[in-house]
J.: 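I have a structure I would like to understand better, so I am pasting it below and will then ask my questions one at a time.
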Number of protein chains: 2
Amino acid sequence: MVSKHQGPGNAVARPLRRDAEANRQHILDAAGRLMAERGLATPLEDIAAAAGVGIGTLYRRFPTRADLVEALFQDRLAAYVADLETAVGTDDGWEGLVWFLSRAAARQIADRALSELIEQDLGPDTIRHLRDRVLPLADTLVEHARASGRLRADFTVGDLALVQHMLAGVGAVTSPVSPTAWRRYLTLLLDGMLARREAPTPAEEPAPTVAQLKHVHDQRPRQGARPRCC
Amino acid sequence: MVSKHQGPGNAVARPLRRDAEANRQHILDAAGRLMAERGLATPLEDIAAAAGVGIGTLYRRFPTRADLVEALFQDRLAAYVADLETAVGTDDGWEGLVWFLSRAAARQIADRALSELIEQDLGPDTIRHLRDRVLPLADTLVEHARASGRLRADFTVGDLALVQHMLAGVGAVTSPVSPTAWRRYLTLLLDGMLARREAPTPAEEPAPTVAQLKHVHDQRPRQGARPRCC
DNA sequence: GCGAAACTGGAAGAAGTCCCTCCGCTTGTG
DNA sequence: CACAAGCGGAGGGACTTCTTCCAGTTTCGC
């Protein structure tokens, strides 16, 4: 069985015809743009239209939505993980955390689909695999920041995930009006995250555990939308 | 033309038959429960089924979704506004703000439909009218809190709305796991909102204006969901 | 009791969204 | 120039939700 798609370790099966390659690119561009705005579930017909090709062409090049998502978000997710690694490598733990939060929020707000990939359990396996590296790294990042003494001692990875979620939330809502307004709330949250000499308000609630977070992003089911993606 | 529904200043047109009245009640109960969980756009057929009546019965009693929403949320919204008034009446401005935030978040997290009514521009006119009282009251509340000296001087009503939005967001995501976890993030946010002797991190971003907030909650269109509600 | 009026359930048709296949026509390339 | 590769988009299928309608059932005043 000769796979039409290049299997791993398999040289390019055959270069696409020039026009076909151009169309492939148009599709990727359009999908990237539309999904960033509307999310992973963007109708394929809209994408084809935006790319200026027929729906048939899209299906020929990307037989399933997962193929498209994979081609699109491999890099973006990798960049996200790379940020995380950079942050972990920063000398000052607190600075690293702040830098990461800022970058991650910017990325997620600029790209709704990326947000969905990170927060929910979606996407083809190739991508899942990348996302699995996130949690351990994030854990280390938080630990470093705590060790620096500037982060509240009771702050956890779970908290980090939810802070990101909150930032993505404000961003989604404010960005049409002011694309940078979310930074205001980043500073607000950071102020809350700082350890303080003066007794900080005790956080009576226990931090969510990692195990709990697994279930956290099931996303409440919307109306007539059967889970259409991946 | 004699309206079948009691017009304003019109005595009850005619009491419903006993069985009909009971069914009406069942419908309201079911709708309240389901909409709290799934939002204003919950399919009417689901509601009828949960109420144990036929879809025809639901339509006879509430010809439009707006009629149902009105019957359901008049009280709940009024209670929300009442909270706001109570908070404004509190002596200590900061305490009032904290109390309100806590109550509002609890209400919104417990009732997704209520959240939608408050944040978005939905609902029948009867309800809109109530919601219009929110902004001025909230404005006063924030002013009082600032006057008390405990709230950051640069905090605005717009900020309040977005803080509520963030809390609703965490709540939505955490409540299936821990129904009170959101309180942890309330304390985090409150810490960030406190004025401080030690120079607070300057919020470089300007606060969103009230005019901007009008557009803020247009809520990005989800997938195949034409705006079905109201 | 009894009959008229009120009420009921749910089948059925309409409208809409999105998915995916298929095939006759077009186009790049050796 | 021949022909494999590529193309578009009509059309059928699967859903979901809305809304109407009417033959049968129940309540209530007399």
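The figures that follow rest on heavy atoms only: side chains count, while hydrogens, waters and symmetry mates do not. Order of the sequence lines fixes the chain letters, A, B, ..., with proteins taken first and strands second; residue numbering starts at 1 for each chain.
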J.: Rounded to whole Å, please give me the gap between CZ in B:R38 and P in D:dT16.
T.: 12 Å
J.: Just to confirm, is there a sub-4.0 Å distance from OP1 or OP2 of D:dC7 to any side-chain nitrogen or oxygen of A:N23?
T.: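 True: A:N23 side-chain N/O within range (under 4.0 Å) of D:dC7 OP1/OP2.
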J.: Measure CZ/A:R60 against C1'/D:dG9 and give the value in whole Å, please.
T.: 11 Å
J.: With a cut-off of less than 4.0 Å, is there a side-chain N or O of A:R65 near OP1 or OP2 of C:dC19?
T.: yes
J.: Under 4.0 Å between a side-chain N/O of A:R61 and OP1 or OP2 of D:dC7, yes or no?
T.: yes
J.: Sugar-phosphate means primed atoms, P, OP1 and OP2; the rest is base. With that split, encode nucleotides 25-30 of chain D 5' to 3' as B, S or - using protein heavy atoms under 4.0 Å.
T.: -BSS--
J.: Any luck finding a side-chain donor-acceptor pair between B:R184 and B:T174 under 3.5 Å?
T.: no
J.: Please say which of B:H165, B:Q164, B:E116 ends up in a side-chain hydrogen bond (donor to acceptor under 3.5 Å, both in side chains) with B:Q108.
T.: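 Option passing the side-chain hydrogen bond (donor to acceptor under 3.5 Å, both in side chains) with B:Q108: B:Q164.
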J.: Between A:S102 and A:W99, is there a donor-acceptor pair closer than 3.5 Å when you use the side chain of the first and the backbone of the second?
T.: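 No; judged by distance alone, with no hydrogens or angles, the pair does not exist.
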J.: Short question: side chain of B:T57, backbone of B:V53 - any donor-acceptor pair under 3.5 Å?
T.: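 A pair under 3.5 Å: no.
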J.: Would you confirm whether A:R103, through its side chain, and A:L84, through its main-chain N or O, come within 3.5 Å as a donor-acceptor pair?
T.: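 Between the backbone of A:L84 and the side chain of A:R103 there is no qualifying donor-acceptor contact (under 3.5 Å).
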J.: We want to know whether A:D83 and A:T86 form a side-chain donor-acceptor pair, criterion being a heavy-atom distance below 3.5 angstrom.
T.: no
J.: Would you please indicate if the ring centroids of A:F100 and A:Y80 are separated by under 6.0 Å?
T.: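 They qualify: ring centres under 6.0 Å apart.
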J.: Between atom CD1 in B:I27 and atom C1' in C:dG9, what is the gap in whole Å?
T.: 12 Å
J.: Between atom CZ in B:F62 and atom P in D:dT20, what is the gap in whole Å?
T.: 16 Å
J.: What integer distance in Å separates B:R24:CZ from C:dA6:C1'?
T.: 16 Å
J.: In whole angstroms, how far is the C1' atom of D:dC21 from the OH atom of B:Y59?
T.: 13 Å
J.: Are B:R38 and B:D46 close enough for a salt bridge, meaning some N to O gap below 4.0 Å?
T.: yes
J.: Return the value, rounded to whole Å, for the distance between atom CG of B:L40 and atom P of D:dT17.
T.: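 These atoms are roughly 15 Å apart.
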J.: When you measure from every atom of DNA chain D, which of residues 44-58 of chain A have a heavy atom less than 4.0 Å away?
T.: A:G52, A:V53, A:G54, A:I55, A:G56, A:T57
J.: Taking atom C1' of C:dC20 as reference, at what distance in whole Å does atom CG of A:D67 sit?
T.: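 One finds 14 Å between C1' of C:dC20 and CG of A:D67, rounded.
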J.: Show me, pair by pair, the donor-acceptor contacts under 3.5 angstrom made by side chains of residues 16-27 of chain A, not counting sequence neighbours?
T.:
unit_1, atom_1, unit_2, atom_2, d
A:R17, NE, A:D19, OD1, 3.2
A:R17, NH2, A:D19, OD2, 3.0

